[in-house]
Amino acid sequence: MRYLPLSAENREDMLARIGVAAIDDLFADAPRDALLTSTLDLPSRKSELEVERRLSALAARNVAASAVPFFVGAGAYKHHVPATVDHLIQRSEFLTSYTPYQPEISQGTLQVLFEFQTQVANLTGMEVANASMYDGSTGTAEAILMAHRVTRRRKALVSGGLHPHYAATARTLSDMAEDEMRILPPDPLAEEDLIGALDDSLSCVVVQSPDVFGNPRDLRPLAEACRAKGVLLIAVVTEALSLGLIESPGAMGADIVVGEGQSIGNGLNFGGPYLGLFAAREKYLRQMPGRLCGQTVDANGRRGFVLTLSTREQHIRREKATSNICTNSGLCALAFSIHLSLLGETGLKQLALINHANAVALAEALDKVPGAKVLNSAFFNEFTLRVQGSAADLVERMAARGVLAGVPVSRLLPGAGLDDLLLVASSEVNTDEDRAAFLAALQAEVRA
């Protein structure tokens, strides 16, 4: 017997109440080319057992990240996560916790968020941090909206080195708000003139470091130029571990720092959930989006923690809210905080040095292969390799040889004329044998 929760009359009543003629009108803001024009080519019905068999067969076609030498990065990085992290985050007190609106019963969760904020502020070199965003891309989009509120301007300049997915997310929010965004062309060599592109109409400049092509950026000259124009500098970090080795964006003059915290304490997890980092100068505190945890004392003078400056839509009128993101990545933030606590400052620096050394060793070896050239003059644990022909085709052929060689730039920037570029990442999980396998497979492809 079929279960139909709504009748045709029910649907008509709901459509009439919200003022649209048909269900398709609800998707008027979605790009036309993103909408399906017909149903998917899927069976109309299968039993549960048949579905499990079908999905298992599809999953078996994947190559697990731990099964072969793995050099894929481009914003999501494979790092070792200590067993302690997974053990602690699965404690029922954390795994089942809900939004800590009632501080009298949520002190443990609130303290974790407070300590997380402290760690993020220290890492980024900023004065305040929130209790996380969904991920780095939504954090970037929210930072741009925040800059608009602070400066009362509605135009953003985006570096050509920003991860394309981050730029696309920011573009979606800006288009909905009818704001202006200028995205510079892709910049594999980090040669763009951001200072020359500044003008008094901008609210912010968005720069990633290391950028999507692996180039670290010196933000000091740009930060000084931005201050002279009243423009906020938003620094983006997609590889949080790099902050253990590279000078923090805050120390270089950034006004807002956002990033992806996945690489500390969180696995690849098939693409999520991930963890958005968000920090800023204290003078912008009241314009920060998301959740903020503060330290206080109770009636008896004992140390305690509360949610504070709650300017999300759940607490005030929607049109006055600094953000319409109604949650955070609390469990991922806990994993981040536990892992970082286990490492400590010394451990974080050592881990970052190992990552850099591994990437340098691989880059030096690959750069000697005929037809291959490393484009970066400096990098952390990821670099851009120019190859002969299509990098996407090379990745497929390398996979057939048992090596996951990286991310072709054409996958991130289709049609940009960068089809011969490959993003290669090497972290602490890669061994000498892994790098030797990469080198051997690439040499075999050159000879083939």
Side-chain angles (χ1 to χ4, degrees), residues 75 117 119-130 132-133 135-148 150-151 156-167 169-170 181-184 187 190 192 194-195 197-198 202-264 275-285 287-290 352 378-380 382:
Q117 291 172 178
Q119 290 173 321
V120 173
N122 287 338
L123 266 181
T124 58
M126 303 303 285
E127 295 163 338
V128 292
N130 72 10
S132 89
M133 308 297 288
D135 54 28
S137 64
T138 53
T140 300
E142 289 282 353
I144 293 173
L145 296 181
M146 175 178 163
H148 292 342
V150 170
T151 64
L157 175 66
V158 177
S159 162
L162 180 67
H163 195 296
H165 294 172
Y166 286 45
T169 301
M181 179 182 294
R182 179 189 173 195
I183 303 176
L184 297 181
D187 186 29
E192 62 190 358
L194 289 169
I195 294 177
L198 292 178
L202 294 173
S203 73
C204 60
V205 177
V206 184
V207 186
Q208 180 177 321
S209 180
D211 64 24
V212 69
F213 300 102
N215 305 295
R217 302 286 188 102
D218 182 2
L219 302 179
R220 291 182 190 83
L222 179 61
E224 184 176 348
C226 284
R227 282 193 295 272
K229 296 282 188 181
V231 176
L232 298 188
L233 175 57
I234 299 173
V236 180
V237 182
T238 61
E239 169 55 295
L241 188 58
S242 67
L243 296 173
L245 188 59
I246 297 174
E247 188 167 10
S248 69
M252 289 190 282
D255 297 294
I256 304 172
V257 181
V258 296
E260 177 54 64
Q262 170 270 322
S263 61
I264 299 180
L275 168 63
L277 310 180
F278 198 111
R281 301 288 179 196
E282 187 174 4
K283 62 182 177 180
Y284 305 130
L285 177 62
Q287 291 297 333
M288 282 180 61
F379 53 86
F380 172 59
E382 187 169 25

Can you give me the closest heavy-atom contact between [X] and [Y], atom names plus distance?
X: His163; Y: Gln208; value: N-OE1, 2.9 Å
X: Asp135; Y: Ser137; value: OD1-OG, 2.9 Å
X: Arg281; Y: Gly250; value: NH2-O, 3.0 Å
X: Pro210; Y: Ser242; value: CD-OG, 3.7 Å
X: Ala129; Y: Ala121; value: CB-N, 4.0 Å
X: Leu241; Y: Ala352; value: O-CB, 3.8 Å

Would you say the side chain of [Y] lies within less than 4.5 Å of the side chain of [X], judging by non-hydrogen atoms?
X: Val258; Y: Tyr166; result: no
X: Leu194; Y: Arg217; result: yes
X: Val207; Y: Leu233; result: yes
X: Asp211; Y: Ser159; result: no
X: Lys229; Y: Leu202; result: no
X: Leu243; Y: Thr124; result: yes
X: Leu277; Y: Val237; result: no

Worksheet item: Please walk me through it: do Leu198 and Val205 pass side-chain contact (heavy atoms from CB on, under 4.5 Å)?
Response: CA-CA 8 Å; Leu198 292 178; Val205 177; 3.3 Å; yes
Worksheet item: For Glu247, what residues pass the salt bridge (charged side-chain N to carboxylate O under 4.0 Å, His left out) criterion, not counting sequence neighbours?
Response: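 Result, salt bridge (charged side-chain N to carboxylate O under 4.0 Å, His left out) vs Glu247: Arg220.
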Worksheet entry | More than 12 heavy atoms from other groups under 6.0 Å of CD on Glu127 |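 Correct, the count exceeds 12.
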Please report the interatomic distance [atom1]([X]) to [atom2]([Y]), rounded to the nearest 0.5 Å.
X: Gln287; Y: Thr151; atom1: CD; atom2: OG1; result: 10.0 Å
X: Met133; Y: Met288; atom1: CE; atom2: CE; result: 8.5 Å
X: Leu222; Y: Ser209; atom1: CG; atom2: OG; result: 11.0 Å
X: Ile144; Y: Leu232; atom1: CD1; atom2: CG; result: 11.5 Å
X: Met146; Y: Ser203; atom1: CE; atom2: OG; result: 11.0 Å
X: Leu184; Y: Glu192; atom1: CG; atom2: CD; result: 5.0 Å

Exam field: side chain [X] to backbone [Y], donor-acceptor pair closer than 3.5 Å:
X: Glu382; Y: Phe213; answer: no
X: Asn130; Y: Pro289; answer: yes
X: Glu239; Y: Ser263; answer: no
X: Glu260; Y: Gln262; answer: yes

